[in-house]
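As the structure is a computational prediction, the values presented were derived from the model and not from experiment. Both counts, for ligands and for their atoms, begin at 1 and track the order of listing. The figures here come from the full heavy-atom set of this structure, side chains too, leaving out hydrogens, waters and symmetry mates.
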Amino acid sequence: MLSSTLELLETARRNIYAIGAFNVYNLEGVKAVIGAAEAHQSPAMLQIHPSSLTAGGSPLVALCLEAARAATVPISVHLDHSTSAAAIKTALAAGMNSIMADGSHLPYSENLAFTKEMTQLSHTYGAAVEAEIGRISGTEDGLSIAEKEAKMTDPVQAVEFVAATEVDALAVTIGNVHGEYRSEPRLDFDRLAKIRKLISIPLVLHGASGLPASMISKSIQLGVCKFNVNTEVRQAYMRSLKEQLNAAKTPDLLDLTGSAIASMQAVVAEKLQLFGSVGKAHLHQSPYAEMLARVMVN
Ligand code: 13P
């Protein structure tokens, strides 16, 4: 069933687990996420990156929304990392449940102004907003410790930012990176604990591909209730296609896509297990869950 992102996050946070938000590009990705969520009675989020939105347009959004409506478990549809007011307006008008207003590339005051404006707009549509301060990078390579720290979320600034913008969820930067971790990930859990102490809204961790189970569970204990996953699922898709196309006999197209779905679904299922959301679908299905989430936030 198509569900509210805010309700998914608030219920997960109250019950100390996290929602997996998986980037999808097409029908295969959508089937993999919903297939894994249904097989494991878990809530999940389908998220569309702005470049996928540009490529897939409104048919991709309609596909996600319709698949979420038809699902037997709670699923919400989210626009990931949007730096553009136009893309956010398109997503809201299409009925997506939440958006990430990403002004993290901007100077702080401009990030605040952009996020505040996008939050006011999104709330008129009943959609939730995730924002980011600090700046998650593609890689940590070549940065000094001071440079890395400068990119991380400042807990005190985060308090002011959340109060001024009235966002619903905050993506934190604590050493997490998008894509592959080239060396052992190092997350600043002291910083996360400080942020958690000062801020009551749901916290989000991007770059969950490649994070070990111990870091995932520690993050959840410290208030993270949404993890973003893209790279590992995408790699499973590409690996499956490559293997099959390199096989002696060229596969049938439906067999090719079916195997790709199964490969991605296995990765999604493993993540749902790590996030602790397996078997939690029923917690989100009360007609009062959404109302309760709103009351808890206000
Ligand atoms: P990974 O590609 O590292 O899993 O990160 C995904 C992400 O954070 C999308 O916003």
Side-chain angles (χ1 to χ4, degrees), residues 5 8-9 18-26 29-30 32-33 36 44-56 60 64 76-84 87-88 91 96-105 115 128-141 151-153 167-187 192 202-213 215-216 219-220 224-239 263-275 277:
T5 297
L8 293 189
L9 301 187
I19 305 294
F22 301 92
N23 288 76
V24 292
Y25 298 79
N26 55 19
V30 170
V33 175
M45 288 175 65
L46 297 169
Q47 61 183 15
I48 303 177
H49 189 273
S51 48
S52 307
L53 185 63
T54 304
L60 177 61
C64 291
S76 76
V77 181
H78 174 81
L79 177 67
D80 195 19
H81 279 294
S82 191
T83 55
S84 135
I88 289 172
M96 290 171 78
N97 306 101
S98 50
I99 58 114
M100 176 183 188
D102 186 358
S104 64
H105 58 293
T115 305
V129 178
E130 172 185 331
E132 176 178 331
I133 52 168
R135 178 113 178 104
I136 179 172
S137 53
T139 167
E140 289 186 306
D141 290 357
K151 286 172 173 255
M152 291 196 196
T153 304
V167 288
D168 303 289
L170 186 72
V172 294
T173 307
I174 55 167
N176 46 317
V177 299
H178 286 128
E180 283 182 32
Y181 289 85
R182 306 247 170 96
S183 52
E184 191 60 27
R186 268 168 308 170
L187 299 186
L192 180 58
L203 301 180
V204 179
L205 200 69
H206 285 233
S209 291
L211 285 182
M215 288 192 176
I216 299 274
S219 302
I220 295 172
V224 169
C225 59
K226 172 178 181 262
F227 286 101
N228 282 15
V229 185
N230 184 3
T231 301
E232 279 187 66
V233 181
R234 202 181 58 226
Q235 285 174 341
Y237 187 23
M238 305 288 276
R239 214 179 305 117
S263 302
M264 287 190 278
Q265 187 166 323
V267 176
V268 173
E270 191 189 311
K271 296 296 174 200
L272 297 177
Q273 197 77 48
L274 286 175
F275 301 158
S277 64

Without swapping roles, check the side chain of [X] against the backbone of [Y] for a donor-acceptor pair under 3.5 Å.
{"X": "Asn176", "Y": "His206", "answer": "yes"}
{"X": "Thr153", "Y": "Ile133", "answer": "yes"}
{"X": "Asn26", "Y": "Gly29", "answer": "yes"}

* Return the option from Ser209, Gly210, Gly207 holding the heavy atom at the smallest distance from atom 5 (O) of ligand 1. =>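 Heavy atom nearest to atom 5 (O) of ligand 1 belongs to Gly207.
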
* For atom 7 (C) of ligand 1, which candidate among Glu180, His178, Gln235 holds the nearest heavy atom? ->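 Nearest option to atom 7 (C) of ligand 1, by heavy atoms: His178.
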
Please identify which atoms of ligand 1 are closer than 4.0 Å to at least one heavy atom of [X].
{"X": "Thr231", "value": "1 (P), 2 (O), 3 (O), 4 (O)"}
{"X": "His81", "value": "10 (O)"}
{"X": "Asp80", "value": "9 (C), 10 (O)"}
{"X": "His206", "value": "8 (O), 10 (O)"}
{"X": "Gly179", "value": "1 (P), 2 (O), 3 (O)"}
{"X": "Asn23", "value": "9 (C)"}

* Please say whether Asn230 places an N or O atom under 3.5 Å from an N or O atom belonging to ligand 1. =>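 Yes; at least one N/O pair falls below 3.5 Å.
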
* Take Leu8 and Met45 through the test side chain to side chain contact (heavy atoms under 4.5 Å, CB included) and record every step on the way to the result. => CA-CA 9 Å; Leu8 293 189; Met45 288 175 65; 4.0 Å; yes

* To do: For residues Thr115 and Ala101, report the shortest heavy-atom separation together with the two atoms involved.
  =>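 The pair with the smallest heavy-atom distance is OG1-O, 4.2 Å.
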
* For this output row, return yes or no: ring centroids of His78 and His49 closer than 6.0 angstrom. =>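 Not under 6.0 Å, so no.
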
* Is the closest side-chain heavy-atom distance between Val229 and Phe275 below 4.5 Å? ->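 Yes. Closest side-chain heavy atoms under 4.5 Å.
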
